[in-house]
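The figures here come from the full heavy-atom set of this structure, side chains too, leaving out hydrogens, waters and symmetry mates. Letters A, B, ... are given to chains in the order of the sequence lines, protein chains preceding strands, and every chain is numbered from 1.
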Protein chains: 2
Amino acid sequence: MTTLSEADHTPPRCKPQHFSSECPSRVLIDQIADKWSMMVLAVLDSGPLRFNVIKKQLEGVTQKALTQCLRRLERNGLVSRQVIADAPVAVQYEITPLGRTLQPPFRALYAWTIAKMPEVELARQAFDERRGR
Amino acid sequence: MTTLSEADHTPPRCKPQHFSSECPSRVLIDQIADKWSMMVLAVLDSGPLRFNVIKKQLEGVTQKALTQCLRRLERNGLVSRQVIADAPVAVQYEITPLGRTLQPPFRALYAWTIAKMPEVELARQAFDERRGR
DNA sequence: CCGTATCCTAAAGGATACTG
DNA sequence: CAGTATCCTTTAGGATACGG
């Protein structure tokens, strides 16, 4: 991956303006670009939650999809998983310190979404009209 | 979608801590969560480019995938498309003013990626070891 | 050069049933 | 409760060929 602004850093093993498939940042984009990850992290931001509580807050997510998402977040060190051996079993998911560092960038992205959504909606309508739906 | 921090805004038509499928921000997340969109916007950040130039800089993207991605970006008003009627035809893609406003949030996300990649890599190795590959 | 159309394969995603 | 396993359907994605 290249820079968004040249001064920011030195991209490891990446030529300027070329997104090689081995570029480390590509790996992370694949994670961030997941359908549910951002929402899971947002939900966990207020504190640890149990599986079904998370599930209830993400309308449309299936158990399978949420499990996969949580596993990947756990694997990447963004979320921790703790089994509480009661009967019936409880499992707590908690955002890690590393996961918390994602909060500022995500917050910026979220603010953008809220601020620009109306403009995007207008652009869509214009586009769809331009090409007879 | 809910807030990442309660003070930021008032989410339109969304209950606190609940990501409804009709919530406008979900629509945007679906766009941002696209595999190539962020890279396309990063590549276009330096100026307008032609289709095949963009394609060359995104290793592994197919013509079909890139076309789809650019159409969606155009539809959402983040990128503009201009046909230059030479022979053979040339098509220029350019980031729009609206698209440019995404730059700061993306830059923050990108900086995070570069900064935290090593930690993520360590977390992965630990996870994979915990569960016998 | 910049697509669209078609075909085909691979992967994602839902539904259901079952287990510690 | 929190998964895993299985099946099956749907969708995404690559490859190829062709058209404006």
Is the shortest side-chain heavy-atom distance between [X] and [Y] below 4.5 Å?
X        : Y        : value
B:Leu44  : B:Glu94  : no
A:Val91  : A:Arg50  : no
A:Phe106 : A:Asp45  : no
B:Ile54  : B:Lys56  : no
A:Leu41  : A:Val79  : yes
A:Arg71  : B:Arg131 : yes

**Prompt:** Think B:Arg50 has a side-chain N or O under 4.0 angstrom from the OP1 or OP2 of C:dC2?
**Reply:** yes
Separation of [N] [atom2] from [X] [atom1] (nearest whole Å):
X       : N      : atom1 : atom2 : answer
A:Asp34 : C:dA12 : CG    : C1'   : 12 Å
A:Leu49 : D:dC1  : CG    : P     : 15 Å
B:Trp36 : D:dA12 : CH2   : C1'   : 14 Å
A:Gln68 : C:dA12 : CD    : P     : 8 Å
B:Arg72 : D:dG13 : CZ    : C1'   : 13 Å
A:Lys55 : C:dG14 : NZ    : C1'   : 11 Å
B:Lys35 : D:dG13 : NZ    : P     : 7 Å
B:Gln92 : C:dG3  : CD    : P     : 12 Å

**Item:** Heavy-atom pair with the smallest gap, counting every atom of B:Trp36 and B:Gly60
**Value:** CH2-C, 3.9 Å
**Message:** Show the nearest heavy-atom pair for residues B:Gln63 and B:Lys55, with the distance to one decimal.
**Reply:** N-CE, 3.6 Å
**Message:** With a 3.5 Å distance limit and no angle check, can you tell me whether A:Ser80 reaches the backbone of A:Thr96 through a side-chain donor-acceptor pair?
**Reply:** no
**Message:** Treating B:Ser37 as the side-chain partner and B:Asp34 as the backbone partner, does any N or O pair qualify as donor plus acceptor under 3.5 Å?
**Reply:** no
**Divergence of helical axes at both termini of the helix from C:dC1-D:dG20 to C:dG20-D:dC1 - five pairs an end, 10° steps** = 50°
**Request:** Please name the residue in the list B:Leu66, B:Val40, B:Leu49, B:Leu70 that meets the side-chain contact (heavy atoms from CB on, under 4.5 Å) test with B:Tyr93.
**Result:** B:Leu70
What pairs of nitrogen or oxygen atoms, one from the protein and one from nucleotides 18-20 of chain D, lie under 3.5 Å apart?
none

Expected rows: protein N/O vs nucleotides 3-5 of chain D N/O, under 3.5 Å:
from: D:dG3; atom 1: OP1; to: A:Arg71; atom 2: NH2; distance (Å): 2.9
from: D:dG3; atom 1: OP1; to: A:Arg81; atom 2: NE; distance (Å): 3.2
from: D:dG3; atom 1: OP1; to: A:Arg81; atom 2: NH2; distance (Å): 2.7
from: D:dG3; atom 1: OP1; to: A:Tyr93; atom 2: OH; distance (Å): 3.4
from: D:dG3; atom 1: OP2; to: A:Tyr93; atom 2: OH; distance (Å): 2.6
from: D:dG3; atom 1: N7; to: A:Gln63; atom 2: OE1; distance (Å): 3.0
from: D:dG3; atom 1: N7; to: A:Gln63; atom 2: NE2; distance (Å): 2.4
from: D:dT4; atom 1: O4; to: A:Gln63; atom 2: OE1; distance (Å): 3.3

